[in-house]
Amino acid sequence: MLILHCLNLKVTYDCTNNCNFCFSSYLKKSNVNKENLKNAIIQGTNAGCNELVLSGGEPTTEIETLISLIKLAETLEYKKYIIQTNGFGFAHNSELVNFVDLVSKNKEVCISFSVHGHNAILHDTMSRKTGAFKSVKSALEKIKETDCKIYTNTVITSLNINYLEDIAQFVLQYSPEIMQFSMLHLKNPNDLTVSLLDSVLAVKKLKGRVNEEILKTEGMPYCLLHGMEKCVGESFWPSVLDLYNKNENYIKDFNQLDYGMRQKLDICGKCIFNEICTGVWKEHFDEFSKMKIRPIC
């Protein structure tokens, strides 16, 4: 089994959608030096990276850059590619679809779609973009016809928390490899914010409805998903993550706990999953600390 060492690159911070729950929306007007991205890919392979995640913003707004970065990585040691997208470029550019399909003949290529609703009313409302659902649906249909693998990610908010089963049923028709439901994490809570407990309970309702090999979460620790531990998405992440960030710094072995983005309780040290658990987002730590958590032994 290939041990994955991932490099995550932000191709652009611009985006065709305007989600007000996006944690990087404040960077939307930031410029990204394309040559520095190429240098980061080379630095990554020298550091041992073999998986490349291309994200944003919306990376498919920069199709020429996206293709050139993958072509460069193909000359190096990368074995797997993940493109995180709202579907825009794949819906509207056949060259990009054909390119990723060609690459997928010899490498693992995963297209990770943001799907926040099961219909246009909900998805477009959350994306704050008319036509966003039509775009992602078209992109899903096109990628399903390729050899690429389909991932999806749904951020749980007050608008869609009661529709997770509907969203799951919509996604299942595209035979996803991964269907992830993620905790909303914002520095300043707003009317979209939902509690950690309510989010966990909503995901648990999918047990038996979505294969647990497919169903994944983000921001929900093992103790809260007891009995569904294989659904903790962080355990599916690469063993090592390198990050090339907005300040053009190459960060080796990036860890969200070390950078204070997540937190754990002292009692977590007694849990059998402690070594691999990444805790909860710091925004949810107060709630988590009051839950009278019992470590899994």
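If you read the sequence from its start, that first residue is 1, and numbering goes on from there.
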Practice task
Could you check Q180 against T154 for side-chain hydrogen bond (donor to acceptor under 3.5 Å, both in side chains), going step by step and ending with a plain yes or no?
Solution key: CA-CA 6 Å; Q180 179 171 282; T154 301; over 6 Å; no
Exercise for the section: Just do the side-chain hydrogen bond (donor to acceptor under 3.5 Å, both in side chains) check on N86 and T16 with the steps written out, would you? Expected result: CA-CA 8 Å; N86 62 31; T16 54; 3.0 Å; yes
Practice task
Please test M228 against E212 for side-chain contact (heavy atoms from CB on, under 4.5 Å), starting from the C-alpha separation and ending with a verdict.
Solution key: CA-CA 7 Å; M228 295 176 64; E212 291 185 27; 4.2 Å; yes
Practice task
Dump the intermediate steps for side-chain hydrogen bond (donor to acceptor under 3.5 Å, both in side chains) on D191 and S158, then the final yes or no.
Solution key: CA-CA 7 Å; D191 57 0; S158 60; 5.7 Å; no
Handout entry: Candidate pair V11 and V32, rule side-chain contact (heavy atoms from CB on, under 4.5 Å), full reasoning
Key = CA-CA 7 Å; V11 177; V32 176; over 6 Å; no
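No continuous path of ILVMFWY side-chain contacts below 4.5 Å connects F88 to I150, so the two sit in separate hydrophobic clusters. In the hydrophobic cluster analysis, where Ile, Leu, Val, Met, Phe, Trp and Tyr join through side-chain heavy atoms closer than 4.5 angstrom, V53 is grouped apart from L241. Clustering ILVMFWY residues whenever any of their side-chain heavy atoms sit less than 4.5 angstrom apart, transitively, puts V280 in the very cluster that holds I272. Two different hydrophobic clusters hold I143 and I82 under the rule that ILVMFWY side chains link at heavy-atom gaps under 4.5 Å. V203 and V171 fall within the same hydrophobic cluster, defined by Ile, Leu, Val, Met, Phe, Trp and Tyr side-chain heavy atoms under 4.5 Å apart, directly or through other members.
Taking 4.5 Å as the limit, every side-chain heavy atom of Q84 sits out of range of all side-chain heavy atoms of L54. Annotation: side chain of I156 is not in contact with side chain of L184 (no heavy-atom distance under 4.5 Å). Taking the side chain as every heavy atom from C-beta outward, L4 and C6 never approach each other to under 4.5 Å. In this structure, the side chains of N50 and E77 stay at 4.5 Å or more apart for every pair of heavy atoms. The shortest distance between side-chain heavy atoms of L265 and I293 falls below 4.5 Å. With contacts defined as side-chain heavy-atom distances shorter than 4.5 Å, the pair K205/L164 does not qualify. Residues K71 and F99 meet the side-chain proximity criterion, which asks for heavy atoms closer than 4.5 Å. At a threshold of 4.5 Å between non-hydrogen side-chain atoms, the residues Q43 and D242 do not count as touching.
Partners of F288 by ring pair (Phe, Tyr, Trp, His ring centres under 6.0 Å), not counting sequence neighbours: none found. Considering only residues two or more places apart in sequence or on other chains, Y222 meets the ring pair (Phe, Tyr, Trp, His ring centres under 6.0 Å) condition with F273. Applying the side chain to side chain donor-acceptor pair (under 3.5 Å) criterion to K10, with sequence neighbours excluded, gives no partner residue. With sequence neighbours excluded, no residue forms a side-chain contact (heavy atoms from CB on, under 4.5 Å) with K134. Applying the side chain to side chain donor-acceptor pair (under 3.5 Å) test to D14 and every residue at least two apart in sequence or in another chain returns nothing. In this structure, H226 has no ring pair (Phe, Tyr, Trp, His ring centres under 6.0 Å) partners at least two apart in sequence or on a different chain. Partners of K137 under the side-chain contact (heavy atoms from CB on, under 4.5 Å) rule, at least two apart in sequence or in another chain, are F133, E141, F170, Y174. Take E287 and apply the side chain to side chain donor-acceptor pair (under 3.5 Å) test, not counting sequence neighbours, and it matches no residue. In terms of the ring pair (Phe, Tyr, Trp, His ring centres under 6.0 Å) criterion, residue partners of F254 (sequence neighbours excluded) are, by chain and number, Y259. For the salt bridge (Lys or Arg N to Asp or Glu O under 4.0 Å) test, no residue two or more places apart in sequence or in another chain qualifies with K290.
Screening residues 136-159 for ring-ring contact (aromatic ring centres under 6.0 Å, His included) gives no qualifying pairs among residues at least two apart or on separate chains. Sorted by first then second residue, the ring-ring contact (aromatic ring centres under 6.0 Å, His included) pairs that include residues 41-64, not counting sequence neighbours, number zero.
Exactly one residue among L192, L186, T157 makes a side-chain contact (heavy atoms from CB on, under 4.5 Å) with N20. That residue is L192. For the pairing with T278, the side-chain hydrogen bond (donor to acceptor under 3.5 Å, both in side chains) check across Q256, R262, E218 returns one residue only, R262.
Between H116 and F21, the ring planes are perpendicular. Angles over 60° get that label, and only those under 30° would be called parallel.
Ion pairing between K79 and E108 fails under the 4.0 Å rule for side-chain N and carboxylate O. A salt bridge between E35 and K38 is present, with a side-chain N of the basic residue lying under 4.0 Å from a carboxylate O of the acidic one.
With a 6.0 Å radius and a threshold of 12 heavy atoms from other residues, nucleotides or ligands, Y163 has its OH atom at or below the threshold. For NZ of K204, the number of neighbouring non-hydrogen atoms (other residues, nucleotides, ligands) closer than 6.0 Å is greater than 12. Applying the 6.0 Å contact sphere to CZ of R128 captures more than 12 heavy atoms from other residues, nucleotides or ligands. Taking a 6.0 Å sphere around CD of E95, one finds it holds 12 or fewer heavy atoms contributed by other residues, nucleotides or ligands. In the displayed structure, K129 atom NZ is contacted under 6.0 Å by at most 12 heavy atoms of other residues, nucleotides or ligands. In N31, the CG atom is not crowded: 12 or fewer heavy atoms of neighbouring residues, nucleotides or ligands sit closer than 6.0 Å. Counting heavy atoms of neighbouring residues, nucleotides and ligands inside a 6.0 Å radius, atom CG of D266 does not exceed 12 of them. Enclosure of atom CD in Q173 by more than 12 non-hydrogen atoms of other residues, nucleotides or ligands within 6.0 angstrom is indicated.
Closest heavy-atom contact between S199 and M183: CB-SD, 3.3 Å. A pairwise comparison of heavy atoms in K80 and C110 identifies CE-SG, 3.7 Å as the closest pair. Contact detail for K207 and G227: the closest heavy-atom pair is NZ-O, 3.6 Å. Y250 and C49 make their closest contact through OH-SG, 3.6 Å (heavy atoms, listed as atom of the first residue, atom of the second, distance). Closest of all the heavy-atom pairs between I111 and C148 is CG1-CB, 4.1 Å. In this structure, L206 and A168 approach most closely via the heavy-atom pair CD2-CB, 4.3 Å.
Side-chain contact check for S112 and N153: no donor-acceptor pair (N or O, by modelled atom type) lies under 3.5 Å.
Judged purely by atom type and a 3.5 angstrom limit, D147 has no side-chain atom pairing as donor or acceptor with the backbone of D101. The closest donor-acceptor contact from the side chain of N249 to the backbone of I251 lies at 3.5 Å or more, if one exists at all. Using modelled atom types, no side-chain atom of S135 and backbone atom of G131 make a donor-acceptor pair closer than 3.5 Å.
Put simply, CH2 on W237 and CD1 on I276 are 12.5 Å apart, with the number rounded to the nearest 0.5 Å.
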